[in-house]
Amino acid sequence: MIRTSLDRVARDVVACARCPRLRTHCAEVARVRKPAFREWTYWGRPVPGFGDPRARLLIVGLAPAAHGANRTGRMFTGDSSGDWLYDALHRFGFANQAQSTALDDGLRLTECWITAAARCAPPDNKPTPVELSRCREYLEREVAALREVRVVLALGAIAHAAWLAASEWKERLPPRQRPKFGHGAERTLPDGVTLISSYHPSRQNTNTGRLTRTMWHSVFRRARVVVDQDSR
Ligand code: SF4
């Protein structure tokens with residue numbers, strides 16, 4: 001049942017054409033390609049979420065990277081943000097391997113689902129508010145299907161806002177009581193789901209030292225503790 005709902009969301013995502021600007025951009029990136037990936041046939045379509053349907057940890061990113069998920073067809077796969085993400089997921093027991101390079105690389109997630117605020121790679125990594133609102137339905141449907149989620153890890157302020165909107169906490173809580181974004185910020189909501197936020201592991205953040213490995217691992221360590229506490 002969970003699997004059917006999630007499969008349906010994935011199918012709708014892959015076929016989606018609601019944002020002409022993003023669809024044109026993804027197709028053009030897939031046509032031109034990067035010299036380093038000339039051998040690849042790019043995915044070039046919207047990228048669905050993936051992972052363990054019985055996930056207790058939900059990770060929300062911003063959007064596929066032009067030459068990462070837009071090339072490989074899987075979230076955070078084939079780029080440096082993914083190197084950071086899967087290394088941490090493996091270290092803290094949510095993935096069977098630290099590498100994520102292609103759809104057939106053998107990666108499996110345990111108790112974890114990965115999704116994003118927008119499913120198409122945007123120019124300059126910046127989806128517009130209208131594009132984000134068009135894409136929200138897919139996140140809402142995933143949130144509704146993934147009923148065992150106890151921890152949400154939002155990577156960046158846009159992902160944080162997208163999850164609050166998709167989970168309806170934005171609507172249900174008065175503005176002052178809404179969780180604020182900040183690296184390591186944590187709030188357990190009235191339904192028992194804990195929202196943890198983190199800086200996104202983009203090159204802009206990791207190359208400048210805004211996000212260090214220590215800071216990054218600390219949010220996953222905390223997520224692991226909360227997931228385990230709640231499963232006793
Ligand atoms: S960003 Fe989302 S809503 Fe827009 S075309 Fe891609 S999948 Fe569809």
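Start at 1 and go down the list; that is how both ligands and their atoms are numbered.
A side-chain N or O of Thr188 and one of Thr194 form a donor-acceptor pair less than 3.5 Å apart.
Enclosure of atom CZ in Arg33 by more than 12 non-hydrogen atoms of other residues, nucleotides or ligands within 6.0 angstrom is indicated.
Panel detail: atom 4 (Fe) of ligand 1 has protein N, O or S atoms under 2.8 Å away, 1 in number.
Salt bridge Arg23/Glu131: absent, no basic N to carboxylate O contact under 4.0 Å.
Trp84 and Val219 fall within the same hydrophobic cluster, where Ile, Leu, Val, Met, Phe, Trp and Tyr residues are linked whenever their side-chain heavy atoms come under 4.5 Å apart, directly or through other members.
Not a single salt bridge (charged side-chain N to carboxylate O under 4.0 Å, His left out) links Arg176 to another residue, sequence neighbours left out.
The line from CG of Leu109 to CD1 of Ile59 is 8.0 Å long, rounded to the nearest 0.5 Å.
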